[in-house]
Structures are given as structure tokens and as C-alpha cells.
Amino acid sequence: MVRTRFAPSPTGALHIGGVRTALFSFLLARSLGGQFFLRIEDTDRARFKPGTIQQIMDSLRWTGIDFDAGPDHASLSKLGEDFPGALPDAANHGIPGPFVQSERLHLYREHAEKLVAQGVAYRCNETPEELQRMRLEAEAAKRTFTFKKANRLRADVQPGDPGHHIRLDMPIMGQAVLDDLVMGRVTFEYANVDDPVIVKGDGSATYHLAAMYDDWAMGVTHIIRSTEWLASVPKHLYLFHVSGWPMPKFGHVPNVNGEDGKKLSKRKGAPSMFEFRDAGYLPEAAMNYLALLGWAPGGGDEQNVFTSAELFAKFSMAHVGSSPAIFSYPKLDWLNGTHIRRLAPDDLAGRLMPFLKKAGITVETPEQKAMLARVIPLVQERLKRLTEIGPLVDFAFVKTIPPVPRELLIGPKMEQHLSLFALKAARDVLGTQQFDDDAGLEKTMRDLCDELKLKPNQLFTIIRNAISGKTVTPPLFGLMGVIGKDVCLARIDAAIQTLSA
RNA sequence: GGCCCCAUCGUCUAGAGGCCUAGGACGAAGCCCUCUCAAGGCUUAAACACGGGUUCGAAUCCCGUUGGGGUCACCA
């Protein structure tokens with residue numbers, strides 16, 4: 001059974017690069033019918049930022065990445081980080097937890113001692129200052145500094161010595177070879193790999209030990225992570241080797257860079273997933289876009305628009321590219337539009353609610369809800385982002401609109417008096433019309449055009465502007481039906497007033 | 001700087017020696033449709049970083065150059 005994971009450290013909100021790494025890991029599991037889980041890497045207590053575990057879980061789930069296991073209420077309570085939407089206790093689907101590393105410190109410690117006993121790890125007590133001095137000396141001598149066992153300043157460190165740390169005793173020659181799922185074959189010389197610290201002076205484990213231990217203990221079959229880890233591969237490979245653990249597969253996915261070609265970072269304003277949500281993007285579009293950032297179906301398949309189910313069916317690590325990608329909005333916007341168009345109208349209505357509210361449009365009464373339902377089909381194909389809904393429909397939800405300026409009421413290539421004449425004629429005809437038939441409305445207005453020797457564009461522009469106060473709206477006659485006869489005529493009357501003045 | 005990785009249109013990519021006068025998508029430009037805006041349809045411009053090899057033949061393999069990225073913590 002395939003088992004993958006995403007293992008962020010709770011030091012800040014997840015940004016798009018992290019979410020994409022999680023997505024690939026998730027899609028790999030889903031595509032192979034395996035399991036995917038979330039693990040929190042909080043071995044460094046100093047960098048812990050309260051609230052970020054919830055942020056991580058929420059943004060993953062918003063994107064459509066759900067996990068078979070992860071921190072549950074019990075784990076989160078211990079950290080004082082519990083929240084209502086967390087995983088139910090013990091909902092781990094057979095994956096051994098707990099999924100928060102601070103609860104597992106004793107396991108790492110135990111394993112490190114075993115490695116020391118085995119003679120493949122050793123104790124040492126160089127101080128940070130001493131280490132720093134050694135580096136500086138090496139640099140001055142134009143040597144690269146590589147800490148090996150032979151470099152210890154004191155070789156007689158005892159188990160009980162306070163504050164000592166433990167390093168893994170890496171080979172001094174030979175090479176480590178990894179056949180990476182994404183990068184292909186990667187080779188490292190052991191000679192220039194440091195002996196990594198696996199247990200710190202305070203007794204806690206470093207990433208190298210904790211993450212690998214957990215990946216083994218939790219039965220991870222494919223370690224999918226970002227390329228920033230590629231350089232530590234020899235350490236990890238060797239740790240697996242000396243521990244006697246079965247070797248998992250590794251896949252290092254490239255970074256996502258910003259428009260400037262540099263790695264995305266929070267400092268440079270890399271957006272969190274919540275910002276995408278708030279900017280009116282659909283999770284469907286976000287997942288689709290992220291998947292395309294570095295992955296393509298390949299094999300002559302040129303599909304661009306994917307549902308999550310299609311992604312589950314088609315995703316494969318074999319088609320994840322090895323070069324970094326640049327994040328850019330235009331294609332995301334396009335995908336968002338296409339996914340909006342694929343939504344069922346009442347689904348779209350639901351998703352629009354927070355954005356309508358933000359735009360100051362209240363949709364609470366049955367009448368208002370009915371209005372929204374009628375307006376949706378008119379706007380669905382012209383929405384790129386949910387945030388655009390406000391100006392498109394606000395005038396339909398209010399009784400009166402601000403006075404429309406005179407310039408807007410003069411038709412293209414027309415004079416004021418002609419426009420006024422046309423408006424009055426339209427008002428007369430509309431006064432006798434039923435407003436419940438869009439096609440009928442349009443027909444009579446087109447007839448009026450013929451009669452007045454005006455182009456539809458000329459007459460319709462005047463009416464549109466008079467009724468909406470805007471030059472860009474959804475289709476006119478559908479809108480008039482939605483707004484209703486009384487309100488339409490009142491607005492036309494007001495426009496006639498303006499033009500007559 | 002050492003080590004490692006990467007390199008196809010502006011962007012995301014297809015391409016695993018002949019199917020490539022390099023395909024698709026976004027974006028751009030133009031046309032059509034059209035009551036505005038969209039959506040849709042059609043068309044155009046746009047790339048194998050450079051230099052050497054290997055081969056009958058290279059975007060695809062090798063070497064070098066250049067450019068970019070990652071990493072060099074008792075952080076992850």
C-alpha cells in the first residue's frame with residue numbers, strides 16, 4: 001500500500017509552493033489508491049507559531065487536499081492548539097501516530113542511543129563557538145569545512161555529560177546514489193557530507209533524525225518533498241541504511257518561483273491559500289492550476305482543465321517536471337473562469353454569498369434569494385473571480401440608483417435630443433409591455449429600433465445606462481425582467497428628467 | 001566559493017534519436033459572432049540558451065560555457 005505524507009513545520013502560514021508540494025504528495029497517493037497523511041514537524045520549539053497548525057490544515061482542506069491521518073484533538077489540545085474542525089481522535093486509518101513530533105521526542109532519543117551503541121553515531125560536545133571558529137579557520141585556509149568524526153575536539157564524551165549532542169558517523173569515502181522520482185539519478189560524494197547532528201544538546205532530535213524516523217515508523221513508501229532537501233539526501237539515505245529500515249522512494253519536486261524567477265517567500269509576499277480564497281478563486285481552480293505547475297498529463301494528452309477526480313486518475317510522478325516553475329496569474333484566472341462556468345447555478349449562488357455580502361449586497365429575504373437565482377445564469381459566464389460579482393449586479397438589488405450622469409444617457413453617435421426622443425419612445429412602448437418574457441421584450445425593442453432608424457447598439461446602450469447606471473452589464477433584457485417593470489420604468493423616467501433638463 | 005540540481009514560445013508545458021517545416025494551453029494581436037462586457041469560433045506572431053562533439057540523422061545522448069535555482073545551522 002502506497003503511503004505519502006506532507007510534513008510542514010508550524011512556523012507560518014502555508015504558501016502556494018508548500019501547498020503544491022503537498023498536492024503532488026496527495027495526488028500520488030490518490031492516483032495509486034494509497035493513503036496520505038499530515039505530520040507536524042515541531043521539533044524546534046523556538047520557532048513554533050501559535051495558530052499555524054490550524055492554518056495549515058484549513059488551507060490544505062480548502063484546496064481539496066484531505067488527509068487520512070494527522071494531528072487530532074488530543075494532540076492539538078496538548079499544544080493548546082485545538083480547534084473545532086480538527087481531526088476526530090484516533091481517526092488515523094491504521095497509520096501509527098501521534099502526528100505531532102513534539103509528542104514523539106522519546107522515540108527519536110531512543111533510536112539515537114541505539115545508533116550510538118551500534119557504533120554508527122557518536123557523542124560530541126563542541127560548542128557553537130568552537131564550531132564557528134573551525135569554519136572560519138577552514139574558510140581562511142580556503143578549505144571547505146566538513147565535520148567528520150575525526151574533527152571532534154574531545155573524544156571522551158560520556159552518556160551522562162550534560163548538553164552533549166549526537167552525530168551520525170557518515171562514511172568518509174564512497175558515494176551515495178539516489179534514483180529520484182523527479183530528478184533522476186543523483187550522486188553525492190560522502191567525502192563532502194558533514195556528519196549531521198541528530199540529537200541536539202537539549203536532547204531533542206533534529207529534522208534528519210525525526211523526519212526519517214517517522215517516515216519509517218509511519219510506513220511512508222514515497223517521500224515527496226521540496227528540492228531544498230536534495231542536499232541532505234546522503235544523510236537520509238545513510239540513516240535509513242544503518243537503521244536497517246526498508247528504503248522508501250524519494251521524489252524532490254522543484255520550487256515554485258515568483259515572477260522575478262526567485263523562490264517564493266513570505267517575505268516577498270507569497271500569497272497564502274486564504275488570500276486566493278478571499279480573492280475569489282475557486283478551490284477547484286486552485287488545485288487545477290497548482291497541478292499544472294510542474295505536472296502535465298503527457299503522452300500526447302493535451303488536457304488543461306481537470307476536476308480533482310480527473311487528477312486522481314491521471315496524475316503520475318513520471319510526468320512531474322524537474323525544472324522550477326514560475327507562478328503567474330493569467331492562467332489561474334482563466335481556469336477559475338472555466339471552473340465557475342462548470343458550477344451548477346445554485347452551487348455558484350452559495351459560493352457567491354460571502355462576496356455579495358462584502359460588496360454590501362444583502363441576500364436574505366426570499367425575494368432577494370429569488371433575485372439572485374435569476375441573476376446567476378446572466379453572470380455565470382462573465383465571472384473570472386467571485387469578487388467581481390458586486391458591480392455586475394448591485395443595481396438589481398436596490399430600489400433606486402444614484403442619478404445617471406447625462407453623458408451616459410446619450411447613445412453612440414447620437415445627439416442629446418435624439419437620445420431623449422428615443423428614450424421617450426422606448427418608455428412609451430415598454431409601458432405597455434409584459435416584463436416576464438425576455439425574448440418578447442427584445443423583439444419589441446428591436447422593432448422600435450427599425451422604426452426609429454437606430455442601431456440596436458444605440459438604443460440599447462441608452463436603456464442599459466439608464467437602468468443600470470453602468471456601461472457594462474449582463475444582457476439587458478434578462479436584466480430588465482429580473483429588475484421588474486416598475487423599477488425599470490422609474491429609472492427610465494429619471495433618465496428622461498436628466499436629459500430634458 | 002564548495003557540493004547538487006535545472007535549462008523548449010512572455011508563462012505553464014508536450015517531446016524519452018528520425019513521427020518536429022517543434023504540438024497544446026494561458027496571455028498578446030486580428031477577424032467572426034454580438035445590445036455592452038464576457039463566453040464561443042477562426043487566424044497570426046511567439047521557443048529548442050550558446051559552443052563543441054557522437055550519429056546517416058539530435059530539442060532529445062556526451063563534454064564545455066553561460067544563465068538560473070537549491071544547499072552548505074545543535075532551523076526545518
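Order of the sequence lines sets the chain letters (A, B, ...), proteins ahead of strands, with each chain counted from 1. Heavy-atom basis, side chains included; hydrogens, waters and symmetry copies ignored.
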Check: Counting any heavy atom closer than 4.0 Å, what does A:T187 reach on the DNA or RNA strands: base, sugar-phosphate only, or nothing?
Finding: sugar-phosphate
Margin query: Give me the distance, rounded to whole Å, that separates B:rG30 from B:rA22 when you measure between the P atoms they each carry.
Written below: 25 Å
Item checked: Nearest-Å distance for atom pair CG/P, residues A:D333 and B:rA28 -> 11 Å
Next item on the list: Report the distance from atom CH2 of A:W295 to atom C1' of B:rA14, rounded to the nearest whole Å.
Entry: 12 Å
Margin query: Would you measure the distance from the C1' atom in B:rC48 across to the matching atom in B:rU13 and give it in whole Å?
Written below: 13 Å
Checklist line | Which nucleotide in B:rU13, B:rG24, B:rC75 has an atom nearest any side-chain atom of A:A296 | finding: B:rU13
Note to self: Under a 3.5 Å cut-off for both contacts, is B:rA14 paired Watson-Crick or G-U wobble with anything, and if yes, with which nucleotide?
What the structure shows: none
Note to self: Under 4.0 Å between a side-chain nitrogen and a carboxylate oxygen: does that hold for A:E388 and A:K384?
What the structure shows: no
Checklist line | Atom-to-atom span, OH of A:Y289 to P of B:rU11 - whole angstrom | finding: 12 Å
Next item on the list: Indicate yes or no: does A:R135 engage A:E130 in a salt bridge with an N to O separation below 4.0 Å.
Entry: no
Item checked: Spacing of A:F306 atom CZ relative to B:rA25 atom P, expressed in whole Å -> 13 Å
Check: Is the ring centre of A:F327 less than 6.0 Å from the ring centre of A:Y289?
Finding: yes
Next item on the list: Name the nucleic acid region contacted by A:P297, choosing base, sugar-phosphate or nothing; use a 4.0 angstrom heavy-atom cut-off, strictly under.
Entry: nothing
Item checked: Minimum-distance nucleotide (side-chain atoms of A:H165 versus B:rC12, B:rC74, B:rC4) -> B:rC74
Margin query: Just N and O in the side chain of A:R47: are any of them under 4.0 Å from OP1 or OP2 of B:rA76?
Written below: no
Checklist line | Under 4.0 angstrom between A:K200 side-chain N/O and B:rA76 OP1 or OP2 | finding: yes
Item checked: Atom-to-atom span, CD of A:Q303 to C1' of B:rA25 - whole angstrom -> 12 Å
Check: Would A:H252 and A:R225 count as having a side-chain donor-acceptor pair, cut-off 3.5 Å?
Finding: yes
Notebook entry, point to check: Can you check whether A:W229 and A:Y207 have ring centres sitting under 6.0 Å from each other?
Noted result: yes
Note to self: On RNA chain B, compare the nucleotides closest to A:S232 and A:P475; which residue's is nearer the 5' end?
What the structure shows: A:P475
Check: Base, sugar-phosphate, or nothing: which does A:T473 touch, judged by heavy atoms less than 4.0 Å apart?
Finding: base
Margin query: Given B:rU36, B:rC75, B:rG70, identify the nucleotide with an atom nearest to the side chain of A:R382.
Written below: B:rU36
Margin query: Applying a 4.0 Å non-hydrogen cut-off, can you work out what A:S323 is touching in the nucleic acid: base, sugar-phosphate, or nothing?
Written below: sugar-phosphate
Item checked: A:H319 side-chain N/O to B:rG15 phosphate OP1/OP2 under 4.0 Å -> yes
Margin query: Can you tell me which nucleotide in B:rC26, B:rU71, B:rU36 comes closest to the side chain of A:P330?
Written below: B:rC26
Item checked: Short side-chain N/O contact to B:rG40 OP1/OP2 from A:R341, under 4.0 Å -> yes
Notebook entry, point to check: Partner of B:rU66 by Watson-Crick or G-U wobble geometry, both contacts under 3.5 Å, or none?
Noted result: B:rA7
Check: OP1, OP2 of B:rA76 versus side-chain N and O of A:T43: anything below 4.0 Å?
Finding: yes
Next item on the list: Between B:rC12, B:rA76, B:rG27, spot the one nearest the side chain of A:E41, thanks.
Entry: B:rA76
Checklist line | A:F306 ring center near A:W295 ring center (under 6.0 Å) | finding: yes
Check: P atom, B:rU11 versus B:rG68: distance in rounded Å?
Finding: 15 Å
Check: Just checking A:E126: base, sugar-phosphate only, or nothing, at a heavy-atom cut-off of under 4.0 Å?
Finding: base
Notebook entry, point to check: Looking just at side-chain N and O atoms, do A:T146 and A:D194 make a donor-acceptor pair shorter than 3.5 Å?
Noted result: no
Notebook entry, point to check: If you check every side-chain atom of A:H208, which of B:rA76, B:rC4, B:rA25 has the closest atom?
Noted result: B:rA76
Note to self: For the C1' atoms, the ones on B:rC50 and on B:rA59, what distance do you get once it is rounded to whole angstrom?
What the structure shows: 14 Å
Next item on the list: Carefully, step by step, assess A:K148 and A:D169 under the rule salt bridge (charged side-chain N to carboxylate O under 4.0 Å, His left out).
Entry: CA-CA 7 Å; A:K148 296 286 194 182; A:D169 187 10; over 6 Å; no
Next item on the list: May I ask you to check whether A:E103 and A:S75 show a side-chain donor-acceptor distance below 3.5 Å?
Entry: yes
Next item on the list: Using the P atoms only, state how far B:rG70 lies from B:rA38, rounded to an integer number of Å.
Entry: 38 Å
Note to self: How many whole angstroms separate atom CH2 of A:W334 from atom P of B:rG24?
What the structure shows: 14 Å
Note to self: In whole Å, measure the gap between the P atoms of B:rU71 and B:rA14 for me.
What the structure shows: 24 Å
Next item on the list: Could you let me know what B:rA28 is paired to, Watson-Crick or G-U wobble, both distances under 3.5 Å, or none if it's on its own?
Entry: B:rU44
Next item on the list: Identify whether any heavy atom of A:G337 sits under 4.0 Å from a base atom; if not, whether one sits that close to sugar-phosphate; answer base, sugar-phosphate or nothing.
Entry: nothing
Margin query: Would you measure the distance from the C1' atom in B:rG67 across to the matching atom in B:rA45 and give it in whole Å?
Written below: 26 Å
Note to self: Heavy atoms only, 4.0 Å cut-off, all strands: where does A:V472 land among base, sugar-phosphate and nothing?
What the structure shows: base
Notebook entry, point to check: Once you round it to whole Å, what is the distance between C1' of B:rA38 and NZ of A:K470?
Noted result: 16 Å
Next item on the list: With the side chain of A:I326 defined as its heavy atoms from C-beta on, choose the nearest nucleotide among B:rC74, B:rC5, B:rC12.
Entry: B:rC12
Check: Checking all strands, does A:G201 fall into the base, sugar-phosphate, or nothing category for heavy-atom contacts under 4.0 angstrom?
Finding: base
Margin query: Once you apply a heavy-atom cut-off of 4.0 Å, does A:G294 come out as touching a base, just sugar-phosphate, or nothing?
Written below: sugar-phosphate
Notebook entry, point to check: More 5' along RNA chain B: A:E302 or A:L476, using each one's nearest nucleotide?
Noted result: A:E302
Notebook entry, point to check: Nearest to the side chain of A:E381, which nucleotide is it out of B:rC75, B:rA39, B:rA25?
Noted result: B:rA39
Check: So, is A:R135 close to the B:rA73 phosphate, meaning a side-chain N or O under 4.0 Å from OP1 or OP2?
Finding: yes
Check: Tell me: CZ of A:F250 to C1' of B:rC4, nearest whole Å?
Finding: 16 Å
Checklist line | Separation of the C1' atoms in B:rA16 and B:rG23, to the nearest angstrom | finding: 16 Å
